[in-house]
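Below is one structure, written out as structure tokens; the observations come after it.
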Amino acid sequence: MAKLRVPSWLQSSNGTANANGADEADRKKQNRLSLSGLAQFMTKGDQPTQASSVTETEPDTTPAPSEKAPKSSTSHMIDLAKKITQETEKLDKYLKDNDLPNPGFDVDAPGDFPKLPADIQRSRQEVVYATRELNALVRGPREHVRWGVWSFLDTLSLQLINSYGIAKLVPVDAPIELAVLQTKTTLDPINLARSLRHAMTNHIFQEPTPGFIAHTAASRMLAEDGPLQDWVGFNSEDIFPAAAHSLQSLRTHPEGTELTRTGFNFAFNTVDKDPMFVTFGKDPERAKRMGGAMASLTGGEGYEVSHFVDNYDLSDVDAKEGTFVDIGGSHGFVCVDMGKKWKKTKFVVQDLQKTVDSAPKPISSDEDVAQRITLQAHDFFTEQPVYGADVYFFRWIFHNYSTPYAIKIIKGLVPALKPGARVVINDHCLRDVGLENPWDERIIRSMDMVMLAVLNAQERTETEFRELFKAVDERFVFKGVSRSEGCRMSVVEAVWMPESVEKTEAEVVEESKEEQKVETPAEETKEA
Ligand SMILES: C[S@@+](CC[C@H](N)C(=O)[O-])C[C@H]1O[C@@H](n2cnc3c(N)ncnc32)[C@H](O)[C@@H]1O
């Protein structure tokens with residue numbers, strides 16, 4: 001029988017079941033939510049494989065309290081406000097107890113939260129979810145929609161400020177008169193003032209006395225953090241125009257799968273000419289900015305490479321001195337970190353010629369690691385040249401492509417695969433609505449929209465990944481999806497088993513689980 005699981009964000013923040021009646025009712029509601037979310041995956045012999053950092057519960061068909069019990073005497077607004085107070089107090093106490101600075105808007109406030117222990121991080125997340133929900137609630141539905149659609153103006157003011165480098169013109173230690181600031185930029189006075197004053201409504205810059213501009217902690221980040229400037233530039237100057245043209249692209253080409261018929265192509269007059277990556281390849285400044293933006297993203301919370309390196313079990317490959325191929329692996333930083341952990345595995349990093357040429361030499365200062373890594377120019381839309389490797393790895397690749405392209409990439413692997421070869425995809429994997437925590441849900445769903453705008457591509461659900469492999473070749477056995485605590489990216493895995501066409505997929509998965517039990521403490525590496 002399939003096991004039903006409750007996502008960790010739905011559990012009480014101390015991680016224990018609460019005996020209190022209201023919490024018990026919530027728990028039942030939540031179980032029902034996870035049941036409905038998972039039901040579509042549960043065909044016979046087919047168990048959900050994602051959502052692993054979870055508790056097992058029996059199915060609960062009891063109606064939620066709102067369907068049968070009298071309404072609670074406190075409003076949802078008050079429940080949220082109480083939760084915000086409770087969880088903020090825990091966060092505040094932790095910061096005080098550990099002599100850590102308080103968050104603030106002033107210029108000298110910390111740029112990031114310190115790394116928090118799991119329970120305090122959960123409190124922090126609860127505050128984020130509850131404040132957002134309370135905000136929507138007290139604004140009311142109509143106002144929420146009315147002003148929500150203006151969120152693009154946040155991007156517009158940031159775009160102008162970032163593009164004209166205004167943050168760097170404001171001294172960190174003292175306010176500057178607006179009239180003086182106006183002399184330091186080619187942005188005209190009216191537009192300078194209005195962009196700044198709009199950004200101030202988002203706590204970016206402040207005006208301590210009329211006519212004087214000073215930094216906040218956020219605007220100081222914008223002045224000092226190069227990758228953050230790239231992130232804002234890439235999003236506001238490349239993705240923002242692309243998003244604004246997505247409607248036009250979909251009206252003109254409703255199938256929405258072509259790499260050269262995207263919002264980006266319409267925005268930059270490259271329809272039926274170049275995909276976005278090719279456009280960037282022709283413009284080194286823009287390419288560099290995108291590289292910086294990616295560095296800012298992947299250095300941020302939830303995207304650290306360490307999640308994969310720490311949790312992916314390569315012990316069997318390492319024991320036999322096997323080979324790991326990182327396809328579209330950029331400058332090979334994943335392999336460098338993997339090579340430090342797995343001392344006998346050989347690595348091949350494949351990317352386009354230009355990227356290979358610009359990789360650091362040596363690729364790692366650790367000589368032993370460097371000599372086990374080979375860089376190779378390879379276009380992943382063509383046949384894979386490394387035959388008989390143990391792992392073919394793709395990180396941040398598949399979400400850049402719609403299904404016809406994704407199928408082509410996997411097809412290119414088939415001639416090179418030996419029985420047992422693993423195809424490992426490290427990307428977002430969309431969970432059913434209600435199963436993701438609201439913070440991650442918003443970021444991952446936003447990334448999915450970005451993929452539409454720039455590449456007619458998409459994030460995928462577990463079922464969509466499964467179907468992708470099935471569409472390429474029945475001899476792939478889909479092993480499932482795992483995700484480590486605190487990480488937004490999942491590990492999706494399929495194994496090439498030519499003999500498996502004789503068996504059902506469930507039988508093969510069962511067999512390979514049995515093998516893993518003998519070889520490795522598999523559950524330790526599979527987490528979600
Ligand atoms: C979003 S980046 C991901 C890089 C890296 N895997 C990571 O985790 O950050 C996509 C990578 O795919 C490479 N790429 C794009 N098209 C390619 C192609 N046709 N063949 C091989 N690599 C390609 C790009 O040069 C880039 O390094």
Side-chain angles (χ1 to χ4, degrees), residues 227 230-231 234-235 238-239 259-260 262 264 274-284 286-300 302-309 311-312 324-339 347-360 363 373-386 391-402 404-413 416 423-429 447-448 450-451 453-460 487-492:
D230 287 339
W231 172 255
F234 174 55
N235 277 281
D238 292 315
I239 298 180
L259 269 178
T260 56
T262 67
F264 183 91
D274 291 333
M276 179 186 76
F277 287 127
V278 174
T279 302
F280 285 179
K282 293 175 178 173
D283 183 341
R286 237 166 146 190
K288 191 160 161 273
R289 183 170 69 192
M290 190 185 78
M294 290 304 114
S296 178
L297 172 72
T298 54
Y303 293 109
E304 301 89 341
V305 173
S306 56
H307 285 290
F308 180 79
V309 176
N311 293 307
Y312 190 76
F324 180 104
V325 187
D326 184 357
I327 301 159
S330 187
H331 288 169
F333 52 90
V334 174
C335 290
V336 168
D337 286 359
M338 289 292 278
F347 297 89
V348 181
V349 179
Q350 298 177 334
D351 209 293
L352 297 173
Q353 186 72 56
K354 260 191 186 166
T355 311
V356 168
D357 291 345
S358 61
I363 195 163
I373 300 179
T374 309
L375 277 158
Q376 182 179 51
H378 167 58
D379 174 354
F380 51 54
F381 288 113
T382 63
E383 194 177 307
Q384 174 56 238
V386 178
V391 180
Y392 295 88
F393 176 70
F394 297 87
R395 183 168 186 272
W396 285 131
I397 302 296
F398 278 89
H399 83 149
N400 290 334
Y401 295 102
S402 63
Y405 293 91
I407 286 178
K408 193 163 183 210
I409 295 173
I410 303 178
K411 265 198 177 137
L413 295 176
V423 180
V424 178
I425 296 173
N426 194 199
D427 242 323
H428 286 138
C429 181
M447 185 71 90
D448 191 34
V450 168
M451 290 302 124
V454 297
L455 294 163
N456 268 336
Q458 63 175 110
E459 304 296 346
R460 292 181 169 82
C487 187
R488 282 192 203 103
M489 297 175 80
S490 294
V491 174
V492 180

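Both backbone and side-chain heavy atoms feed into the values below; hydrogens, waters and symmetry mates do not. Note that ligands are numbered from 1 as they come in the structure, with each ligand's atoms numbered from 1 the same way.
- Centroid-to-centroid, the aromatic rings of Y401 and F380 come within less than 6.0 Å.
- Between K288 and D230, the closest heavy-atom pair is O-OD2, 4.2 Å.
- Residue contacts with ligand 1 for F280 are absent, since no atom lies close enough (heavy atoms, distance under 4.0 Å).
- Heavy-atom contacts of T355 reach the following atoms of ligand 1: 25 (O) (cutoff under 4.0 Å).
- Among all non-hydrogen protein atoms, the one lying nearest atom 20 (N) of ligand 1 is F380 N, 2.9 Å.
- Residues E459 and H428 share a closest heavy-atom pair of OE1-CB, 3.1 Å.
- At a heavy-atom distance under 4.0 Å, no atom of F277 approaches ligand 1.
- Considering H378, H331, R395, Q350 only, the shortest heavy-atom separation from atom 8 (O) of ligand 1 involves R395.
- Looking at D379 against ligand 1, both its backbone and its side chain come within 4.0 Å, counting heavy atoms.
- Protein heavy atom at the shortest distance from atom 12 (O) of ligand 1 is I397 CD1, 3.6 Å.
- Of all heavy-atom pairs between T260 and D274, the closest is CG2-C, 3.6 Å.
- Residue D351 has at least one N or O atom closer than 3.5 Å to an N or O atom of ligand 1.
- Here the heavy atom of the protein found nearest to atom 2 (S) of ligand 1 is W396 O, 4.2 Å.
- At a 4.0 Å heavy-atom cut-off, ligand 1 does not touch M294 at all.
- A donor-acceptor pair is defined here as one N or O able to donate and one able to accept, closer than 3.5 Å; no such pair exists between the side chain of S490 and the backbone of V492.
- The structure places OG of S358 at 8.5 Å from CG of D351, a figure rounded to the nearest 0.5 Å.
- Which parts of ligand 1 touch S330 is read off a 4.0 Å heavy-atom cut-off, strictly below it: atoms 4 (C), 27 (O).
- Ring pair F234/F280 is perpendicular by interplanar angle, where above 60° counts as perpendicular and below 30° as parallel.
- Not one N or O of D326 is nearer than 3.5 Å to an N or O of ligand 1, by distance alone.
- Aromatic ring orientation, F393 versus F324: tilted (interplanar angle from 30° to 60°).
- By the criterion of a heavy-atom distance under 4.0 Å, neither the backbone nor the side chain of I327 is placed next to ligand 1.
- Every atom of ligand 1 is numbered from 1 in the order shown, and the set under 4.0 Å from a heavy atom of Y401 is 16 (N).
- Looking only at protein heavy atoms, the nearest one to atom 9 (O) of ligand 1 is F333 CZ, 3.2 Å.
- Taken to the nearest 0.5 Å, the CH2 atom of W396 stands 4.0 Å off from the CE atom of M447.
- At a 4.0 Å heavy-atom cut-off, ligand 1 does not touch V334 at all.
- Of the possible donor and acceptor atoms, one in the side chain of H331 sits under 3.5 Å from a partner among the backbone N and O of T355.
- Within ligand 1, counting atoms from 1 as listed, the ones closer than 4.0 Å to a heavy atom of N400 are 1 (C).
- To the nearest 0.5 Å, the span separating CE on M290 from CG on D283 amounts to 11.5 Å.
- Neither the backbone nor the side chain of F394 comes within contact range of ligand 1; no heavy atom lies under 4.0 Å.
- Ring orientation note: the planes of F394 and F398 are nearly perpendicular, at an angle over 60° on the 30°/60° scale.
- Taking atom 11 (C) of ligand 1 as the reference point, the nearest protein heavy-atom neighbour is G328 O, 3.6 Å.
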